[in-house]
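Per chain, numbering begins at 1; letters A, B, ... match sequence-line order.
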Number of protein chains: 2
Amino acid sequence: MSEVRVLIVEDEPIIAEDISDFLENIDFKSAGIAYDSETAFDMLLNRNPDIALLDITIEGSRNGIEVAQVIRDKYKIPFIFLTSHSDKETLDQAKKTLPYGYIVKPFNEKDLLSSLEMALFRHANENNNSIPKLEQINKSIATPLTEKEYVCLSQIFEGATNKQMAEKQFVSINTIKTHIKNLFLKLDVPNRTTAVQKVLVL
Amino acid sequence: MSEVRVLIVEDEPIIAEDISDFLENIDFKSAGIAYDSETAFDMLLNRNPDIALLDITIEGSRNGIEVAQVIRDKYKIPFIFLTSHSDKETLDQAKKTLPYGYIVKPFNEKDLLSSLEMALFRHANENNNSIPKLEQINKSIATPLTEKEYVCLSQIFEGATNKQMAEKQFVSINTIKTHIKNLFLKLDVPNRTTAVQKVLVL
DNA sequence: CGTTTTTTCATCTTTTAGGGTGAAATTATA
DNA sequence: TATAATTTCACCCTAAAAGATGAAAAAACG
């Protein structure tokens with residue numbers, strides 16, 4: 001059974017530990033606790049979390065919001081804000097990051113659980129017909145895909161022909177064919193249909 | 001075909017036995033009958049059921065709902081409620097556990113079978129990406145697929161070439177091409193890659 | 001700055017896919 | 001038993017995919 005990896009970004013150790021302990025009891029798994037945004041960025045890069053819990057105000061600044069923006073733009077995982085008594089301006093900025101949920105402190109375990117579930121549900125629904133993330137694919141294969149190979153795979157995913165891919169990427173069809181050839185080698189599949197199948201059941 | 005293990009949580013022995021007997025006749029397998037929630041938890045832990053049938057009211061209490069919550073949160077297998085004439089409040093609570101289905105007593109074998117199939121199908125779809133049943137596909141398209149067309153689609157799903165399909169089905173490649181041509185028309189797709197994509201996000 | 005990886009492209013060949021048309025054999029069913 | 005639907009097959013053709021080989025730019029990296 002695949003456990004959900006939760007990244008906790010929270011500068012109050014007591015709260016962070018509490019959450020971490022609770023998560024271990026239900027079948028979530030802590031992907032790490034970050035007490036500042038630098039650590040958060042590092043953990044996002046290296047620990048492959050599935051969802052993040054973000055305190056809006058880390059160490060007095062609004063770093064939680066910065067982390068949220070990076071998550072939304074780059075890591076594309078759902079995130080939930082842990083809010084205490086923030087001012088209106090901070091909350092407005094937080095809203096603009098389109099979070100998957102808010103939990104107001106002090107919160108109970110039931111709130112936390114249902115927020116996590118709802119966020120994961122929403123995220124799963126939004127991404128149900130899309131290709132997994134490059135990092136996710138690369139975790140499952142021997143030789144990692146390059147950026148261009150991943151782009152080709154994504155377009156194969158949408159049923160594009162080599163010609164269409166060449167046009168969209170502004171390169172020759174020969175280039176596309178090379179990428180696809182290497183892609184098939186790395187995925188160890190004979191054709192695009194099985195490539196789609198393989199990546200979908202990753 | 002791998003047999004599906006069904007856990008029955010039902011405090012009326014007559015009904016429980018009836019269900020158990022019926023399941024043995026179709027290709028399901030009883031993973032045990034629990035007459036109370038304690039036994040249910042024990043069986044969930046030790047008998048690895050694939051799906052559960054839950055009477056909402058076990059021994060006058062609402063233990064069926066508690067069992068459902070644990071299944072959803074911990075065991076993540078699909079479950080179906082067996083309801084009799086429960087009050088609104090109980091039903092509301094049951095709904096909150098997001099069950100995969102309800103069967104209202106008295107129910108016939110056909111209802112039970114179709115509920116089980118539907119629940120297993122939904123769960124399979126949520127967790128991996130195998131090809132849906134023919135009936136499920138036909139509910140979503142204008143002109144229903146024929147048996148042979150569905151067989152071809154299934155093999156396309158596994159990445160087979162027309163040649164391989166012809167060999168497996170002991171027919172000429174021309175026949176396969178005809179089936180696929182009609183398949184594409186009915187699914188309204190231009191090629192096999194998009195066919196896979198379309199059926200997957202049905 | 002040199003080395004490695006990635007990205008780019010070409011040319012050639014074989015296989016597979018897909019579209020069009022027609023039609024016979026089989027099966028279901030009214 | 002007519003009638004309809006399904007399954008079977010044979011041609012035709014063009015487009016697309018895939019495999020093999022080689023190699024030059026471009027970017028990343030130490």
Side-chain angles (χ1 to χ4, degrees), chain A residues 41-42 45-46 74 131 133-135 137-139 141-200, chain B residues 131 133-139 141-200:
Chain A
F41 293 135
D42 177 63
L45 196 59
N46 298 314
K74 186 171 176 192
I131 187 169
K133 286 183 288 179
L134 176 56
E135 296 78 34
I137 294 172
N138 282 345
K139 273 201 294 181
I141 58 179
T143 328
L145 302 186
T146 67
E147 282 293 324
K148 300 290 173 180
E149 284 159 2
Y150 180 69
V151 170
C152 288
L153 179 58
S154 307
Q155 293 183 231
I156 282 178
F157 228 74
E158 269 130 40
T161 65
N162 293 349
K163 201 181 179 185
Q164 291 170 329
M165 290 160 73
E167 281 162 6
K168 280 202 177 178
Q169 293 184 42
F170 303 105
V171 291
S172 106
I173 196 168
N174 302 297
T175 305
I176 298 294
K177 285 172 78 175
T178 305
H179 290 325
I180 290 180
K181 185 185 60 193
N182 295 327
L183 175 65
F184 287 171
L185 272 173
K186 290 179 179 179
L187 287 180
D188 188 29
V189 294
N191 55 48
R192 39 185 78 206
T193 311
T194 40
V196 167
Q197 190 63 13
K198 171 138 190 176
V199 171
L200 277 174
Chain B
I131 187 167
K133 294 252 167 63
L134 174 57
E135 297 75 37
Q136 187 64 26
I137 293 172
N138 282 345
K139 275 200 285 185
I141 57 180
T143 327
L145 302 186
T146 68
E147 280 294 324
K148 301 288 173 181
E149 283 158 5
Y150 180 70
V151 170
C152 289
L153 179 58
S154 305
Q155 293 184 230
I156 281 177
F157 228 74
E158 270 131 38
T161 66
N162 293 348
K163 202 182 180 184
Q164 293 169 328
M165 291 161 74
E167 282 162 5
K168 280 202 177 179
Q169 292 183 44
F170 302 105
V171 292
S172 107
I173 197 168
N174 301 299
T175 305
I176 297 295
K177 286 171 79 172
T178 305
H179 288 326
I180 290 179
K181 187 183 56 190
N182 294 329
L183 176 64
F184 287 172
L185 272 173
K186 290 178 179 178
L187 286 179
D188 189 28
V189 294
N191 55 49
R192 40 185 80 205
T193 311
T194 40
V196 168
Q197 189 66 12
K198 171 139 190 175
V199 171
L200 237 23

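For A/K148 and D/dA27, the NZ to C1' distance is 11 Å, given to the nearest whole Å. A/F184 has its CZ atom 16 Å from the C1' atom of D/dA20, to the nearest Å. Protein atom NZ of A/K181 is 10 Å distant from nucleotide atom P of D/dT21, rounded to whole Å. Rounding to whole angstrom units, CG of residue A/L185 and P of D/dA18 are separated by 13 Å. Spacing between atom CZ of A/F170 and atom P of C/dT7 amounts to 18 Å, rounded to whole angstrom units. Across the protein-nucleic acid pair, A/M165 atom CE and D/dA18 atom P stand 10 Å apart, rounded to whole Å. If you take CG of A/N174 and C1' of D/dA18, they are 13 Å apart, rounded to a whole angstrom. Computed from coordinates, the B/R192 CZ to C/dG19 C1' distance equals 14 Å when rounded to whole Å.
Checking D/dC9, D/dA16, C/dT16 against every side-chain atom of B/T175, the shortest atom distance belongs to D/dC9. The nucleotide whose nearest atom lies closest to any side-chain atom of B/E147 is, among D/dT7, C/dT21, D/dC9, D/dT7.
Proximity of A/H179 to the phosphate of C/dT7: no side-chain N or O atom is located under 4.0 Å from OP1 or OP2. Taking side-chain N and O atoms only, B/N191 has no distance below 4.0 Å to OP1 or OP2 of C/dA17. OP1 or OP2 of D/dA17 sits under 4.0 Å from a side-chain N or O of A/N162. Distances shorter than 4.0 Å separate some side-chain N or O of A/S172 from OP1 or OP2 on C/dA10.
DNA chain D is contacted by both A/A160 and A/T178; A/A160 maps to the nucleotide lying nearer its 5′ end (nearest heavy atom per residue). The nearest heavy atom of DNA chain C to A/T146 and to B/K163 marks one nucleotide each, and the one closer to the 5' end goes with A/T146.
Residue side chain B/K177 reaches the base of C/dG18 through a donor-acceptor N/O pair under 3.5 Å, judged by distance alone.
Residues B/R192 and B/N162 have side chains that bring a donor and an acceptor to within less than 3.5 angstrom of each other.
Qualifying side chain to side chain contact (heavy atoms under 4.5 Å, CB included) partners for A/Q169, counting only residues two or more places apart in sequence or in other chains: A/V151, A/C152, A/Q155, A/M165, A/V171, A/I176.
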- Query: side chain to side chain contact (heavy atoms under 4.5 Å, CB included) between B/T146 and B/K186: does it pass, once the steps are laid out?
  - Reply: CA-CA 10 Å; B/T146 68; B/K186 290 178 179 178; 3.8 Å; yes
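Annotation: the span from B/K177 atom NZ to B/L183 atom CG amounts to 15.0 Å, rounded to 0.5 Å. Atoms CG and OG1, from B/L187 and B/T194 in turn, are 9.0 Å apart once rounded to the nearest 0.5 Å.
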